[in-house]
Chemist: 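To start, I am sharing the structure in question, which I have written as C-alpha cells.
Counting starts at 1 for both ligands and their atoms, in listed order.
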Amino acid sequence: MKIYVKISVLSFAFWGLLVPAHAGDMVKGKAIFDRLCFHCHKPSYDEKFAPGLAGITERRDMKWLHSFLQNPSKMIKHDEYAQNLKESNTYNLTMPTLPEMQDEQAREDVIAYLGTLK
Ligand code: HEC
C-alpha cells in the first residue's frame, strides 16, 4: 500500500513535469468540438455551413486562433483575414461568440484537437 502511494505520487509529479499547465488536452478538445462546433464545421477539409477545420493550425497561428475563438465578431471587424472569411461565406451564418470559448483552457483544448485534423 505504502509503495503504491509512493509510485502514484511519483508518477503524478513526473506527468506534472511533462505536461505544462496550459497544454491543451485533445481528448477534451474533441468533446468540445463534437458538442459546440460540429453543427457548423466538419473535422475535414470539406465545408459544411462553415469552413472545414482540417489544417487550420497550419493556416493560422495560436494567437490568431485564441483571438478568433474568444471574440470572432471583433476579429471580423478588425482582422483582414477574418473579414475575407466572412465575406466569402455563402451560408449567411456567422461564427458565434461562445461562452465556453471565454475560458483559456477550453480554447487550448479545442485548438489541441484541431491540430490533429490533417
Ligand atoms: C453557427 C455556426 C458555427 C459554430 C457553432 C461554430 N462556428 Fe466557427 N465559423 C463559422 C463560420 C460561418 C465561420 C466563417 C467566418 C464567418 O463567416 O463568421 C467560422 C470560422 C471559424 C474558424 C476560421 C476558419 C478558417 O478557415 O480560417 C475557426 C478556427 C472556427 N470557426 C472554429 C470554431 C470552433 C473551434 C467552434 C466550436 C468551439 C466553432 N467554430 C463553432 C460558424 C460556426
Chemist: Is the distance from atom 8 (Fe) of ligand 1 to some N, O or S atom of Cys40 under 2.8 Å?
Modeler: no
Chemist: Quick check: does any side chain N or O of Asp25 sit under 3.5 Å from a backbone N or O of Gly29, one acting as donor and the other as acceptor?
Modeler: no
Chemist: Provide the number and element of each atom of ligand 1 under 4.0 Å from a heavy atom of Leu98.
Modeler: 37 (C), 38 (C)
Chemist: Which of the atoms of ligand 1 are close to Pro51, meaning less than 4.0 Å from one of its heavy atoms?
Modeler: 13 (C), 14 (C), 26 (O)
Chemist: Do Val110 and Phe38 land in one hydrophobic cluster if side-chain heavy atoms of ILVMFWY residues count as linked below 4.5 Å?
Modeler: yes
Chemist: Distance-only, no hydrogens or angles: does the Arg60 side chain make a donor-acceptor pair with backbone N or O of Leu65 under 3.5 Å?
Modeler: no
Chemist: Quick check against the 3.5 Å criterion: does Tyr91 have a side-chain atom that pairs as donor or acceptor with the backbone of Lys48?
Modeler: yes
Chemist: In this structure, would Trp64 and Met62 fall into the same cluster of hydrophobic residues linked by side-chain contacts under 4.5 Å?
Modeler: yes
Chemist: For Tyr81 and ligand 1, does the shortest N/O to N/O distance drop below 3.5 Å?
Modeler: yes
Chemist: Which of the N/O/S atoms in His41 sits closest to atom 8 (Fe) of ligand 1?
Modeler: NE2
Chemist: Look at atom 26 (O) of ligand 1 and say which protein heavy atom is nearest, naming residue and atom and giving the distance to 0.1 Å.
Modeler: Arg59 NH2, 3.4 Å
Chemist: For Thr94 and Pro96, indicate whether the former's side chain and the latter's backbone hold a donor-acceptor pair under 3.5 Å.
Modeler: no
Chemist: If you have a sec, work out which protein heavy atom is nearest atom 18 (O) of ligand 1 and how many Å separate them, to one decimal?
Modeler: Met95 N, 2.9 Å
Chemist: Show me which atoms of ligand 1 lie under 4.0 Å from any heavy atom of Leu93.
Modeler: 12 (C), 17 (O)
Chemist: Do Lys30 and Asp34 meet the salt-bridge criterion of a basic N to acidic O distance under 4.0 Å?
Modeler: yes
Chemist: Output yes when a side-chain donor or acceptor of His41 lies under 3.5 Å from a complementary backbone atom of Pro51, and no otherwise.
Modeler: yes
Chemist: Is there a donor-acceptor pair under 3.5 Å between the side chain of Gln102 and the backbone N or O of Gln70?
Modeler: yes
Chemist: Main chain of Ile76, side chain of Gln83: is a donor-acceptor contact present, judged purely on distance under 3.5 Å?
Modeler: yes
Chemist: Heavy atoms only, cut-off 4.0 Å: how does Phe33 contact ligand 1, side chain, backbone, both, or neither?
Modeler: neither
Chemist: Of all the heavy atoms in His39, does at least one lie under 4.0 Å from an atom in ligand 1?
Modeler: no
Chemist: Please identify which atoms of ligand 1 are closer than 4.0 Å to at least one heavy atom of Ile76.
Modeler: 18 (O)
Chemist: Given Cys37, Gly29, Pro72, Ala50, identify the one with the heavy atom nearest to atom 38 (C) of ligand 1.
Modeler: Cys37
Chemist: Starting from atom 23 (C) of ligand 1, which protein heavy atom do you reach first, and at what distance in Å?
Modeler: Leu85 CD2, 3.5 Å
Chemist: Please list the nearest protein heavy atom to atom 22 (C) of ligand 1 with its residue and the distance rounded to 0.1 Å.
Modeler: Phe68 CE2, 3.4 Å
Chemist: Based purely on interatomic distance, does Thr94 place a nitrogen or oxygen under 3.5 Å from a nitrogen or oxygen of ligand 1?
Modeler: no
Chemist: Would you call Glu58-Lys118 a salt bridge at under 4.0 Å N-O?
Modeler: yes
Chemist: May I ask whether Pro96 has any heavy atom positioned less than 4.0 angstrom from an atom of ligand 1?
Modeler: yes
Chemist: Please state which protein non-hydrogen atom is closest to atom 28 (C) of ligand 1 and give its distance, to 0.1 Å?
Modeler: Leu53 CD2, 3.7 Å
Chemist: If the cut-off is 4.0 Å to any non-hydrogen atom of Leu69, which atoms of ligand 1 fall inside it?
Modeler: 32 (C), 33 (C), 34 (C), 35 (C)
Chemist: Rounded to the nearest 0.5 Å, how far does NZ of Lys77 lie from NZ of Lys74?
Modeler: 10.0 Å
Chemist: Just to be sure I'm reading this right: ignoring hydrogens, which of Asn89, Leu36, Ile56 gets closest to atom 29 (C) of ligand 1? Compare them by their nearest heavy atoms.
Modeler: Ile56
